[in-house]
Amino acid sequence: MKTKNLFAILLAGILMTGAACTTRSGQSGQSEATDTINPNTMIGVTELLSENLHDKLMSSFNPNWEIEEPAPTDYPEYYGGSFIDNDGKFVVCVVGNSAQHRLTLASILGTDDFLTESCTYSYREMMQVMDKIDAFLSDSSVPADHPFLTRFAGAGADVFENRVVVQLTEVTDAAVQAFKKDISNSPAVMFEKGEMPELM
């Protein structure tokens, strides 16, 4: 059971936090892959420019971000994640003084052709919670029948929700309280029902 859960957190981490930037779809608000960009449309051109801005911003946080997962402290405290909106524009979520952080971001990006959106939790804070989840799942002293561990289905930092989304096969008070007691009581965490991913 523990091996399956460790696989789930690693898979969720890769899928949900790897790039810290996704494309918002028009209908559901869920993320979609950005490799379907059509450079022959105006939105496609804008999306390609936005991807370049994203890469430039990530490189300013950690020059090796493409080959290694940045540490939580690599992300500035004001940074809450980023995404490409339905019009192809690059959007940076910021915590605190949006006008001040916009100036900082414009200096990093070399342009003011991007949008900002206010959020509550920083990406750093969300990644620190993810590290605590990973450490808990890797701890061999945790009993296999731990109330959280037996229901854990995955976790990831969700830029659109501005939360760490923890998925449980069954959201119970016992599982939630065990998580808050043994892993993190951060208000940045939200719980939802999810399915255990099947191992290949």
Checklist outcome for this item: Contacts of Ser98 meeting side chain to side chain donor-acceptor pair (under 3.5 Å) (sequence neighbours excluded), chain-then-number -> Thr116
Checklist entry - Partners of Arg124 by side chain to side chain donor-acceptor pair (under 3.5 Å), sequence neighbours excluded? => result Glu77
Next on the checklist: What I'd like to find out is whether the side chain of Cys93 reaches to under 4.5 Å of the side chain of Asn162, using heavy atoms alone.
Outcome noted: no
Checklist outcome for this item: Those residues at least two apart in sequence (or on a different chain) that pass side chain to side chain contact (heavy atoms under 4.5 Å, CB included) with Ser60 are Leu57, Ile108
Checklist outcome for this item: Closest heavy-atom pair, Val171 versus Leu168, reported as atoms and distance to 0.1 Å, is CA-CD1, 4.1 Å
For residues 173-183, dump all side-chain donor-acceptor pairs below 3.5 Å to protein atoms at least two apart in sequence or in another chain.
residue : atom : partner : partner atom : Å
Asp182  : OD2  : His146  : NE2          : 2.6

Checklist entry - Heavy-atom distance under 4.5 Å between the side chains of Leu137 and Leu149, does that happen here? => result yes
Checklist outcome for this item: Closest non-hydrogen atoms of Glu47 and Ile84, given as atom of the first, atom of the second and distance, are CG-CG2, 3.9 Å
Next on the checklist: Can you confirm whether Trp65 sits close enough to Asp55 that some side-chain heavy atom of one is under 4.5 Å from a side-chain heavy atom of the other?
Outcome noted: yes
Item to check | Residue pairs fulfilling salt bridge (charged side-chain N to carboxylate O under 4.0 Å, His left out) with at least one residue in residues 92-103, sequence neighbours excluded | outcome: none
Checklist entry - With respect to Leu105, which candidate in Val94, Thr111, Asp112, Leu53 satisfies the side chain to side chain contact (heavy atoms under 4.5 Å, CB included) definition? => result Val94
Next on the checklist: Show the nearest heavy-atom pair for residues Met130 and Ala157, with the distance to one decimal.
Outcome noted: SD-N, 4.2 Å
Next on the checklist: Please determine whether side chain to side chain contact (heavy atoms under 4.5 Å, CB included) holds for the pair Val142 and Phe148, giving the CA-CA distance in whole Å, both sets of side-chain angles, and the decisive distance to 0.1 Å.
Outcome noted: CA-CA 10 Å; Val142 176; Phe148 168 73; over 6 Å; no
Checklist entry - Are Tyr123 and Val95 co-members of a hydrophobic cluster defined by side-chain heavy atoms under 4.5 Å apart? => result no
Checklist entry - Hey, are the side chains of Phe90 and Leu49 touching, using non-hydrogen atoms and a 4.5 Å cut-off? => result no
Checklist entry - Can you pull the salt bridge (charged side-chain N to carboxylate O under 4.0 Å, His left out) pairs that have at least one residue in residues 163-172, sequence neighbours excluded? => result Arg151-Glu170
Next on the checklist: What I'd like to find out is whether the side chain of Tyr75 reaches to under 4.5 Å of the side chain of Ser122, using heavy atoms alone.
Outcome noted: no
Next on the checklist: Can you tell me how far apart CG (Asn52) and NZ (Lys56) are? Round to the nearest 0.5 Å.
Outcome noted: 9.5 Å
Item to check | Residues which pass ring pair (Phe, Tyr, Trp, His ring centres under 6.0 Å) with Phe114, listed by chain and number, not counting sequence neighbours | outcome: none
Checklist outcome for this item: Hits for side chain to side chain donor-acceptor pair (under 3.5 Å) against Asp74, two or more places apart or cross-chain, chain-then-number order -> Asn62
Next on the checklist: I'd like to check the side chain to side chain contact (heavy atoms under 4.5 Å, CB included) partners of Val91; sequence neighbours left out, ordered by chain and number.
Outcome noted: Phe83, Asp85, Leu115, Glu117
Next on the checklist: Could you check whether any side-chain N or O of Ser50 sits under 3.5 Å from a backbone N or O of Thr46, counting only pairs where one atom can act as donor and the other as acceptor?
Outcome noted: yes
Next on the checklist: Taking atom CD as the centre, does Glu68 end up with more than 12 heavy-atom neighbours from other residues, nucleotides or ligands that are less than 6.0 angstrom away?
Outcome noted: yes
Next on the checklist: Do Glu69 and Met127 make a side-chain contact, defined as non-hydrogen atoms from C-beta onward lying under 4.5 Å apart?
Outcome noted: yes
Item to check | Heavy-atom closest pair, residues Met126 and Tyr121 | outcome: CE-O, 4.2 Å
Checklist entry - How far apart are the closest heavy atoms of Ala188 and Glu125, and which atoms are they? => result CB-OE2, 4.2 Å
Item to check | Distance, nearest 0.5 Å, that separates OG of Ser184 from CD of Gln128 | outcome: 9.5 Å
Next on the checklist: How close do Ala155 and Ile133 get, counting heavy atoms only, and between which atoms?
Outcome noted: CB-CD1, 4.0 Å
Checklist entry - Would you call the rings of Tyr78 and His101 parallel, tilted or perpendicular if under 30° counts as parallel and over 60° as perpendicular? => result parallel
Checklist outcome for this item: Sequence neighbours excluded, the answer for side chain to side chain donor-acceptor pair (under 3.5 Å) partners of Lys89 is Asp113
